[in-house]
Amino acid sequence: MKRLFSFFAAMLVAFVANAAVININTNTPDALRKALAGAASGDIIVMAAGTYVESNGDYIAFTGKEVTVMAEPGAEVIVVPQVPVRLKSGARAEFINIKFDCGHIKDKGSYTEIIVPADGTANKRVILDGCEFYGWKQKDYAIVHTRTDRQLDTLVINNCYFHDNLYNCVWLRYPSIACLRITNSTFTNVATDAAAPSIGVIQVDATSGDMLIDHCTFYNCEAKNTDYGAIKIPGGAPIVSNCIFAMPEEYANGRAIHNAAGEVKNCLTFNYTSDENTGIHSGPTITACLQANPLFVDAPNGDLRIQGGSPALGAGTEGSDLGDPRWIPQMEYYLAGSMTEWGPDPLYKLVKNPENEEEYMIAKTFYAGDQFKIAKSDGLTIANTDWYPSGMDNNYQITASGNYTVYFRPDGQGGEGWHEGYIYAQAESLGPWDSWFGDASMQQETNSYLAYDPIAEKVTVFIRNDKNGQWQAQVKYQGMPAEADKCYHVALKMKSNHDITGITLKWQDDNNTPNVIYENQSISLAEDEEFIYDAVVAGVVGEKGSNGILVLDFGFAHNGDIIEVYGVTIEETACPAPPIYYLVGSMTDWAAEAEYLFAENPETEGEYFLTTTLAVGDAIKVVGVQDDDETYYPNGLSNEYVVDAAHAGETIVYFRPAGNAEWAAFGGYFFIPDNGQGIEDVNIDTKATKLIRNGQLFIRKNGKIYNVIGQQIAR
């Protein structure tokens, strides 16, 4: 259980300006006892984290000194006392945020307690704040114990936790006490046996003094002698208020409080059967007390938090909650919805908007189709009346996956654009990037989304569900407007956490007319290896002009894929010199030579021609040369055209870099007219004859004329 560092402890050093601070750690045996021996009154001993076994010497002695012993802020400090803490006249022993493992005390004969005054003289005070005590097993005494001849003037216990002790916690046997304060503390799983003295878990024999026990929780604190209960003050007149007393099952004839006088007010008891089932002895005045189940979350396993709807909530004086405040969950606002199964989740708790005290906020990743509202909850349950907006069929729904900041106004005065005045969801800026587009249900199916880091100028694509195949999930970067006849430097880098294939890069206009800019059209990303694209591309202008949109088209992404895209550049640049084309082949040893340079055909855009002389048997292709790059048409090996007699001699060679399906006989990129030789030859099987018309090759068969791809044409 988390211990709270009290405000009092935090301020202590600041106010005691003249006090010496003594720092100790576990490297010294009996470090606490030795530090006390050397301390002066008013000093502060600060204990570093660790377990301190105090075994040597007779006592851990506060010999008339006023000394504070505290844990270093945030540190867990466990003291294992094998000898008692003893106070003499004028001593003040103050412990702050210390845990005591009480099961190892040695039998010292006359002193077998954890904290005990040494003699009958006055002016001895014990203050315990934020401490924990467990493992106590000494049945004849108590953790904090005075005897009839050993006085303790003041005992203050605040924000402490006594648990899993076999016998009693506090037994004050001196006939008077100046001040007793036990507040905001818990006593649980404290049991006695039949051989133990007939005392309560807290017993005060003083008949006079100022005594208050307030806002404490008692669970499973059982005294075997049924005349005694969790609290027994048979002679004095204490005030017991705002406390919870509960047993795990019916406690036959048992009592929670056995006081002779005083007042018991605004307390709750549960599973006690004596005193008309209240468990409160009839001696004190009883006011505004309840008999009900306090609705602990899981008391048998140590979780004494109070659930929503508990009768202990608001039942105390001035509307306070009953019991130790550490167990009262604070009402907070939670985003609750399909992602939390409509229950409170600590990860979805809203915080105050530091820029607007009227608002709460939370930043989260949401997916298309997520629905939610805001709920007020103690973190355990949500009351039906605590939904914003209230009612049914009015949830806020996310339509596009991504990172959002959700703002909430409890007063419902969010204004225009707010969901029923309560909720406003602001999507995180994606900078120049657009989110997923394509099938409207795609985001909901895949849970994919984008996140943009404006400092690193990086977009991250998160894939959350499998969606295999060409599913056309795309993200786009809004680049600069493109113009025809201009060129642009386009560059980017990509990295993925997994091997990914099937990503296509496009320089695309706003009419979705793509121009694939990556030569192989399909990018493969190796896990954690950087992919770099850097090229100059021509501006694409469609029917609606162009926005120069860079598109990443994801075809084969899988659950858990994370792709980063960064280093994006789109800028106008000088266009590279256009390629020049040569006829190459066996007659040039496959080298580009000036006499075989093609010229542009002024009559046909995109076509080139060359007048040359070819010999039967020449193997030929076309090569395009641009800067230091060469591109062959057709590309690859063993696919050159071999000149036959019908195309040898002085001729014109036509070439189109884009290809022409009707020129398939020559490799699809160039065409050589038939020279007439062999035209009269007739194939016996097909009765087909080659002929040339207007420089084009045709086939005559059975009196009909066809082009080279088999389409019949008019005569």
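Numbers here simply count residues along the sequence, with the first being 1. Nothing here was measured: the structure is a model prediction, and the numbers come from that model.
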**Asked** Is there a donor in the side chain of Lys621 and an acceptor in the side chain of Asn635, or the other way round, less than 3.5 Å apart?
**Response** no
**Prompt:** Cationic tip of Lys364 within the cone over Tyr348's six-membered ring, i.e. under 6.0 Å and within 45° of the normal?
**Reply:** yes
**Residues Tyr582 and Glu630: side-chain donor-acceptor under 3.5 angstrom** = no
**Prompt:** So how far is it from Ser377 OG to Asp345 CG, rounded to the nearest 0.5 Å?
**Reply:** 10.5 Å
**Check: His489 main-chain N/O paired with Thr573 side-chain donor or acceptor under 3.5 Å** = no
**Item:** Counterpart residues, side chain to side chain donor-acceptor pair (under 3.5 Å), relative to Gln371 (two or more places apart)
**Value:** Asn395
**Asked** Just by distance, with hydrogens left out, do Trp327 and Thr186 show a side-chain donor and acceptor under 3.5 Å apart?
**Response** yes
**Asked** Is the side chain of Asp627 donor-acceptor paired with the backbone N or O of Asp629 at a distance under 3.5 Å, no angle test?
**Response** no
**Request:** For the residue pair Tyr641 and Phe670, categorise the inter-ring angle as parallel (less than 30°), tilted (30 to 60°) or perpendicular (more than 60°).
**Result:** perpendicular
**Message:** Strictly distance-based, threshold 3.5 Å: is any side-chain N or O of Lys373 a donor or acceptor partner for the main-chain N or O of Pro389?
**Reply:** yes
**Prompt:** Do Asn159 and Arg326 have side-chain atoms, one donor and one acceptor, less than 3.5 Å apart?
**Reply:** yes
**Message:** When you measure from the side chain of Thr340 to the backbone of Gly343, do you find a donor-acceptor pair of N or O atoms at a distance under 3.5 Å?
**Reply:** yes
**Request:** Mark yes or no for whether Lys352, through its side chain, and Glu357, through its backbone, hold a donor-acceptor pair below 3.5 Å.
**Result:** yes
**Request:** Run the numbers on Glu76 and Lys99 for salt bridge (charged side-chain N to carboxylate O under 4.0 Å, His left out), then give the verdict.
**Result:** CA-CA 8 Å; Glu76 182 181 59; Lys99 290 184 176 182; 2.6 Å; yes
**Message:** Tell me if the centroids of the rings in Tyr654 and Tyr608 come within less than 6.0 Å of each other.
**Reply:** no
**Request:** For the pair Lys458 and Glu564, find out whether any cationic side-chain nitrogen is under 4.0 Å from an anionic carboxylate oxygen.
**Result:** yes
**Prompt:** Would you say Asn497's side chain and Gly560's backbone share a donor-acceptor pair under 3.5 angstrom?
**Reply:** yes
**Prompt:** Does Asn660 reach the main-chain N or O of Arg656 with its side chain, forming a donor-acceptor pair under 3.5 Å?
**Reply:** no
**Item:** Sidechain-backbone polar pair: Asp370 side chain, Tyr367 backbone, donor-acceptor under 3.5 Å
**Value:** yes
**Asked** Does any N or O in the side chain of Gln626 come within less than 3.5 Å of the main-chain N or O of Gly624, such that one atom is a donor and the other an acceptor?
**Response** no
**Request:** Applying side-chain hydrogen bond (donor to acceptor under 3.5 Å, both in side chains) between His498 and each of Asn559, Asp561, Asp528, report the one that passes.
**Result:** Asp561
**Request:** Classify the angle between the aromatic ring planes of Phe655 and Tyr633 as parallel (below 30°), tilted (30 to 60°) or perpendicular (above 60°).
**Result:** perpendicular
**Prompt:** Between Asn158 and Asp129, do the side chains contain an N or O donor and an N or O acceptor separated by less than 3.5 Å?
**Reply:** yes
**Asked** Donor-acceptor pair, Ser496 side chain versus Leu525 backbone, under 3.5 Å?
**Response** no
**Request:** Only counting residues at least two apart or in another chain, list the ones meeting side chain to side chain donor-acceptor pair (under 3.5 Å) with Asn353.
**Result:** Glu359
